[in-house]
Amino acid sequence: MKDKIQIIIETLVVGILVLFLTVSNLLGSLDFIARDRLYQVPRGIDSKIKIIGIDEKTLEELGPIQTWSRANYARLLDKLNENNDAKPALVGFDIVFSGNVDEGDDQLAEAVAKSGNVVVVNHLIYRKKVVKNNSELIVFQEVENTEEPYDSLKSICKVGFSNVAQDSDGVVRRIIPEESYQGSTQKMFSSVLYDEYCKIKGITPRTIPVDKHGRSIINYSGRPGDYEYISMSDVLNDRIDTRAFKDSIILVGAYATGMQDNFKVPNGRSQQMYGVEIHANILQSYIQGRFAINGNPYILGLITAVIAMFLHILFRKLRPWQSLIIMVVAIAAEVLILIALNNKGFTYNIIYFPMALAISYVYSLAMVYLLEKARKRKVLNAFKKYVAPEIVEEISKSGDFNVKVGGENRDIAALFVDIRGFTTMSEALEPEQVVEILNEYLALTTDAIFKNKGTLDKFVGDCTMAVFNSPFDLPDYEFKSVCAAMDIVNGGKALEKTLMEKYGRTVGFGVGVNVGPAVVGNIGCDFRMDFTAIGDTVNTAARLEANAKKGQVLISDVLYERLKGRIEVNPIGEIPLKGKSKGVFVYEVTEVHNA
């Protein structure tokens, strides 16, 4: 129940996190980068949109642009229109022709009138305005003034403003197609070009989507330098065949860094884009109907929050590799869906759903690790009740522990110890006293076994069974088994005195030890198993214990042969053992040499 409540709380936290981040767009700068990489990919530029750039070469030939006579632009128009059968469809000047300069002004106006297909720009000048709405102060920008083309030019051609909107990070991602100024509507340069293009083609202009602030997001078609660019100098000096411009939309504008008409764009990476190229992208978006607006964040937030909550529950139940596959598939699905929605005109935050899934996955992975670590620690702590704690710690550090399910053949030392006189004593004492004595005895035998790295196999009444060299390898296990037996007998002497003082009763121990092959493993059935050792070696050790007197350690001749020179013994001789057709030669251990 506790685990279920914890998962429910975690799931709610994941859902709230996704919803909050999506609605608040708390990491807007990071989301901008993700959207730029996802949505602003090259889609192929329209070859009919061409740029005539005022580049370094043009400035070298004609001098600084501030010193130019507008007769240069008139010459350019005459060059473009010199062949009536190969005229461009439209010519747009991304240059503000404000104020009168010289007689070249009249030449340009005449050339524009003769061409009949020219659009020029004005420039809007904004100011911040603060409006109080109830108790809330709203800050926005409004058009304060405009920088207009000189009158004789403005009266004979279409005009659109050249301003582009920059986001908080200085990147041009949006446009404001229309602005209000002195009761009239001002249209953007690219919008005016599009309207004129539709007139030429005889088609109805489409209405682009805008958000509540009147903005629309540009879906860029090309990166900086992708549109075909021709130097204005090459056109003026007849180095270009102007028939190449037939039916094209020509945009004329700054194409030199020193003219300070370049901007950061979402697909430019470290490279900036000239304003005339931005207008080329906007115009192509108009023609192809590929603008977008921000979709409702609450809808996306609720949908992705529910999905993230469901996936978190799966992450907490499935294996890590399964969760990883599901997470990758879910993120890929979100990316594909958001790309499709962007192409339909709605753009959404993209980073928060993958971010929440990644946090959820890492958290679930950490919980699996922590729970597994806790489970292993619990198992190891339980295992310490059967195996010497020092060995368990060594196993937990090295991880070198592999018990074969079903059993394996191992050479082991088996030890049995029993209390002599326990039945008589238990009849004379209170049950609580009997249990206390038994616990002190079991503590003594357990300490002796663990001290010598043995495995406590089981307690059967007042009998204790231990094995050495199982379930993992134990160096010098034969000697350690005998040492454990002698520690039990010697410890029993001190215990006898204590019991005599407390209860006026005493007990002693008989120990039997044998060595040889045995089957070690999980013995039992599906619903009840016991990890133990079975075989003749174990049976013989039990028979030796049954024949041992109080304070006596009996070992078989096989064990003695392995430990000659390391232990002192008294030969008992061959004695018959229950269940064996032949007797076993038995020795009593009197001393062990620890050196």
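Quantities reported herein were computed from a predicted structural model and do not represent experimental measurements.
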Ala280 versus Tyr227, closest heavy-atom pair with distance: O-OH, 3.4 Å
Atom CD1 of Ile52 and atom CG of Asp234: how far apart are they, to the nearest 0.5 Å? 10.0 Å
For a quick test of reading the model, state the closest non-hydrogen atom pair linking Ala254 to Asp261 and the distance between them. CB-CB, 3.9 Å
Between Asp167 and Arg174, does any side-chain N to carboxylate O distance fall below 4.0 Å? yes
Worked verdict on Glu82 versus Thr242 for side-chain contact (heavy atoms from CB on, under 4.5 Å): CA-CA 8 Å; Glu82 64 184 0; Thr242 56; 3.5 Å; yes
Would Arg243 and Asp241 pass as an ion pair if we require N to O under 4.0 Å? yes
Less than 3.5 Å apart, any donor N or O on the side chain of Asn25 or Tyr352 sitting next to an acceptor on the other? yes
For the side chain of Thr22 and the backbone of Leu19, is there at least one donor-acceptor N/O pair under 3.5 Å apart? no
Closest contact, heavy atoms only, Asp94 versus His279: OD2-CD2, 3.6 Å
Is the number of heavy atoms from other residues, nucleotides or ligands under 6.0 Å of Lys57 NZ greater than 12? yes
Can a salt bridge be assigned to the pair Glu61 and Arg239 using a cut-off of 4.0 Å between side-chain N and carboxylate O? yes
Over all heavy atoms of both residues, which pair between Met232 and Tyr73 is shortest? Give the atoms and the distance, please. CE-CD2, 4.0 Å
Would Leu311 and Ile307 count as a side-chain contact (heavy atoms from CB on, under 4.5 Å) if you check the C-alpha gap in whole Å, the side-chain angles of each, and the deciding distance to 0.1 Å? CA-CA 6 Å; Leu311 292 181; Ile307 296 172; 4.0 Å; yes
Is there a side-chain contact between Met309 and Val18 (heavy atoms, below 4.5 Å)? no
Using only atom types and a distance under 3.5 Å, with no angle test, would you say the side chain of Ser24 pairs donor to acceptor with the backbone of Phe20? yes
Would you compute the distance between atom CG of Leu193 and atom CD1 of Ile282 and round it to the nearest 0.5 angstrom? 10.5 Å
Heavy-atom check, side chain of Val159 versus side chain of Val119, under 4.5 Å: no
Apply side-chain hydrogen bond (donor to acceptor under 3.5 Å, both in side chains) to Ser69 and Asp102, showing your working. CA-CA 7 Å; Ser69 169; Asp102 55 23; 3.2 Å; yes
Intermediate values then yes/no, side-chain hydrogen bond (donor to acceptor under 3.5 Å, both in side chains), Asn349 and Arg35: CA-CA 7 Å; Asn349 299 335; Arg35 288 205 226 183; 2.5 Å; yes
Please report whether the ring centroid of Tyr286 lies less than 6.0 Å from that of Tyr197. no
Side-chain heavy-atom pair Phe93, Leu76 within 4.5 angstrom cut-off: yes
Side-chain heavy-atom pair Glu142, Arg127 within 4.5 angstrom cut-off: yes
Find the distance between CD1 (Ile339) and CD (Glu334) and round it off to the nearest 0.5 Å. 10.0 Å
Before accepting this row, confirm whether a basic side-chain N of the pair Asp247/Lys87 lies closer than 4.0 Å to the acidic partner's carboxylate O. no
Is a donor on one side and an acceptor on the other found under 3.5 Å between the side chain of Gln284 and the backbone of Gly44? yes
Working note: Tyr220 + Tyr39, criterion ring-ring contact (aromatic ring centres under 6.0 Å, His included); need CA distance, chi angles, decisive distance, verdict. CA-CA 9 Å; Tyr220 281 79; Tyr39 301 144; over 10 Å; no
Residues Gln6 and Glu10: side-chain donor-acceptor under 3.5 angstrom: yes
Pair Thr11-His312, side-chain hydrogen bond (donor to acceptor under 3.5 Å, both in side chains): steps then yes or no: CA-CA 6 Å; Thr11 303; His312 179 75; 4.6 Å; no
Measure from the side-chain N and O atoms of Ser162 to the backbone N and O of His123, and report whether any donor-acceptor pair falls under 3.5 Å. no
So, Asn81 and Ser115: side-chain donor and acceptor under 3.5 Å apart, yes or no? yes
Sub-3.5 Å donor-acceptor pair from the side chain of Asn342 to the main-chain atoms of Ala292, do we have one? no
Does Arg223 offer a backbone N or O that forms a donor-acceptor pair with the side chain of Asp226 under 3.5 Å? yes
Enter the distance from Ile240:CD1 to Leu80:CG here, rounded to the nearest 0.5 Å. 11.0 Å
Under 3.5 Å, is there a donor on one side chain and an acceptor on the other for Asp105 and Asn100? yes
side-chain hydrogen bond (donor to acceptor under 3.5 Å, both in side chains) between Tyr126 and Glu179: does it pass, once the steps are laid out? CA-CA 11 Å; Tyr126 290 90; Glu179 284 281 19; 2.8 Å; yes
Are Ile208 and Ile175 close enough that some pair of their side-chain heavy atoms sits under 4.5 Å apart? yes
Flag yes if more than 12 heavy atoms outside Tyr150 fall under 6.0 Å of its OH atom; otherwise flag no. yes
Roughly how far apart are Ile303 CD1 and Ile337 CD1, rounded to 0.5 Å? 9.0 Å
Judged by atom type as modelled, is there a donor-acceptor pair below 3.5 Å linking the side chain of Asn219 to the main-chain atoms of Arg290? yes
When the ring centroid of Tyr229 is compared with that of Tyr255, is the distance short of 6.0 Å? yes
Between Asp238 and Lys79, does the salt bridge (Lys or Arg N to Asp or Glu O under 4.0 Å) criterion hold? Intermediate values first, please. CA-CA 8 Å; Asp238 297 323; Lys79 290 287 184 183; 2.7 Å; yes
Any donor-acceptor pair under 3.5 Å linking the side chain of Glu277 with the backbone of Tyr274? yes
Of the non-hydrogen atoms in Ser364 and Arg316, which two are nearest, and what is the gap between them? OG-CD, 3.4 Å
Could you walk me through whether Asn294 and Ile217 satisfy the side-chain contact (heavy atoms from CB on, under 4.5 Å) test, starting with their C-alpha distance in whole Å, then the side-chain angles of each, then the deciding distance to 0.1 Å, before giving a yes or no? CA-CA 8 Å; Asn294 285 325; Ile217 300 171; 3.7 Å; yes
Are the side chains of Phe161 and Thr146 in contact, using a 4.5 Å heavy-atom criterion? no
Donor-acceptor under 3.5 Å (Gln40 side chain, Ile218 main chain): yes
Looking at Arg173 and Asp169, does any basic side-chain N land under 4.0 Å from a carboxylate oxygen? yes
Just by distance, no angles: are the side chains of Ser231 and Asp55 close enough, under 3.5 Å, to form a donor-acceptor pair? yes
If you draw a 6.0 Å radius around CZ in Arg269, do more than 12 non-hydrogen atoms from other residues or ligands fall strictly inside? no
Rounded to the nearest 0.5 Å, how far apart are CD1 of Ile230 and NZ of Lys50? 6.0 Å
Give me the atom names and distance for the closest heavy-atom approach of Thr58 to Ser233. OG1-N, 3.1 Å
Do NZ/NE/NH1/NH2 and the carboxylate oxygens of Asp195 and Lys187 come within less than 4.0 Å? yes
For the pair Arg43 (side chain) and Val41 (backbone), establish whether a donor and an acceptor sit closer than 3.5 Å, ignoring hydrogens and angles. yes
Would you check if there is a donor-acceptor pair between the side chains of Glu148 and Asn122 at a distance under 3.5 Å? yes
Check whether any side-chain heavy atom of Val112 lies under 4.5 Å from a side-chain heavy atom of Val91, and answer yes or no. no
